[in-house]
2 protein chains.
Amino acid sequence: MRLTTKGRYAVTAMLDLAYHSEKRPVTLTDIAKRQQISLSYLEQLFARLRRAGMVEGVRGPGGGYQLSRDASQINIAEIIIAVDETIDSTRCGGKANCQNNQPCLTHDLWLGLSEQIRDYLASISLQDVLQRKNVRLIAERQDKQASGVQGIDMLLRQETPI
Amino acid sequence: MRLTTKGRYAVTAMLDLAYHSEKRPVTLTDIAKRQQISLSYLEQLFARLRRAGMVEGVRGPGGGYQLSRDASQINIAEIIIAVDETIDSTRCGGKANCQNNQPCLTHDLWLGLSEQIRDYLASISLQDVLQRKNVRLIAERQDKQASGVQGIDMLLRQETPI
DNA sequence: AAATAATTGACTATTTTTCTCGGATATGTG
DNA sequence: CACATATCCGAGAAAAATAGTCAATTATTT
């Protein structure tokens, strides 16, 4: 499986969206602020999420993104697949042509692992994660920080421009 | 978890070693040929595997590497950890300081995944993999190819130097 | 002595990931 | 309508990680 920060960003953004989009669409600008992900990068990720049918974009003022399904119907694995294309551990993408068009020594091993990871992540929905106490606490903290009440860490983190 | 080709190479090489080192040490040159991994890269990987106490180097003619424990006592997870340093899915390496010294939204999620992957890979020993029918067949094929009886694919693959 | 093979470290190339920029398109509001 | 807001889109640049190379040293066997 390819678990890069790309996939992590996507899951984080989707969680943020699920948490905030009960009523109105959420703008990427807001998500960018709260989760500290660059806006342009978020745009790229959401383009894929939209093509995968997981979110819908609403243009114009008051617009933003919203989940196109209930948070209980979106699992973590599909989010990662949507942005990362593959969730495969094998080198060949399951085609078993890793070594000179023949499977390599470890082919089956990685195949088993892929399955393991996919099953695990597919068994967890956005809602499952949101229901965790810790997650709700963190989300509340982020809301406060993003709205201006910055913690000391936030301030420390700002680098002095040259 | 960081599952890169680096970790895959290491596991593949260790399997090759386990399969061939019943009697005498196995040279990296041989492993490089059979598994098509660059010799210098293997040297780097085995330096780490040796420091982790999983293999022993024997210098001089007739030398090479051999497992320092029985193949049943070496699991896949520790091989990957030895070369990749971490098997962690979290961004912060489990330190929970992902966002301004505080845990990010998805921290616990990645932590759970890491555990899942580690447990799975730790439950599989080198010997387990070697006992699989497929793996033995592939290993035999590689022995033939590396000893000169090259298949058509092998030949096709050789690039003409400029 | 000569050949073999591990050992080491610094360095380069390649690929992937991450991010930026500039603009286009759609939509709600005054 | 004009204007602001926000999505949408594609080409690339910058940064980071990965993968691989090179050159030299050390230990060991024959």
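All values derive from a computational prediction rather than experimental measurement.
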Problem set entry | Residue whose nearest DNA chain C nucleotide is more 5′ - R51(B) or G63(B) |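 Of the two residues, G63(B) wins.
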
Problem set entry | Upstream residue (5' side of DNA chain C) when T29(B) and V58(A) are each assigned their closest nucleotide |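 By nearest-heavy-atom nucleotide position, the 5'-most residue is T29(B).
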
For this session: Determine: side-chain N/O of T27(A) to OP1/OP2 of dT5(D), distance under 4.0 Å, yes or no.
Result: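 For T27(A), the contact criterion (side-chain N or O under 4.0 Å from OP1 or OP2 of dT5(D)) is not met.
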
Exercise. Does a nitrogen or oxygen in the side chain of Y9(B) sit under 4.0 Å from OP1 or OP2 of dG20(D)?
Worked result: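 For dG20(D), OP1/OP2 do have a side-chain N/O of Y9(B) under 4.0 Å.
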
Choosing from [options], which nucleotide comes nearest the side chain of [X]?
| X | options | answer |
| --- | --- | --- |
| P61(A) | dT5(D), dT28(D), dA6(C) | dT5(D) |
| Y65(B) | dT17(C), dA3(C), dT7(C) | dT7(C) |
| E43(B) | dC22(D), dG20(D), dT4(C) | dC22(D) |
| R50(B) | dT8(C), dC19(C), dA5(C) | dT8(C) |

Taking atom [atom2] of [N] as reference, at what distance in whole Å does atom [atom1] of [X] sit?
| X | N | atom1 | atom2 | value |
| --- | --- | --- | --- | --- |
| L28(A) | dC9(D) | CG | C1' | 14 Å |
| R48(B) | dT7(C) | CZ | P | 15 Å |
| L39(A) | dT5(D) | CG | P | 14 Å |
| R59(B) | dT25(D) | CZ | C1' | 8 Å |
| L42(A) | dT20(C) | CG | P | 11 Å |
| R24(B) | dT28(D) | CZ | P | 19 Å |
| Y41(A) | dA16(D) | OH | C1' | 12 Å |
| R8(A) | dA17(D) | CZ | P | 11 Å |

Below 4.5 Å, heavy atoms only, C-beta onward: do [X] and [Y] meet side chain to side chain?
| X | Y | answer |
| --- | --- | --- |
| I80(A) | I76(A) | yes |
| R132(A) | L109(B) | yes |
| Y65(B) | V26(B) | no |
| E56(A) | R50(A) | no |

Exercise. Counting any heavy atom closer than 4.0 Å, what does S40(A) reach on the DNA or RNA strands: base, sugar-phosphate only, or nothing?
Worked result: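 Touches a base.
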
Exercise. Nearest 0.5 Å, what's the CD1-CD distance between I138(A) and Q142(A)?
Worked result: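 Going from CD1 on I138(A) over to CD on Q142(A), the span is 7.0 Å.
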
For this session: Examine the base of dT20(C) for any acceptor or donor lying under 3.5 Å from a partner atom in the side chain of Q44(A), and report the outcome as yes or no.
Result: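 Side chain to base: pair present.
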
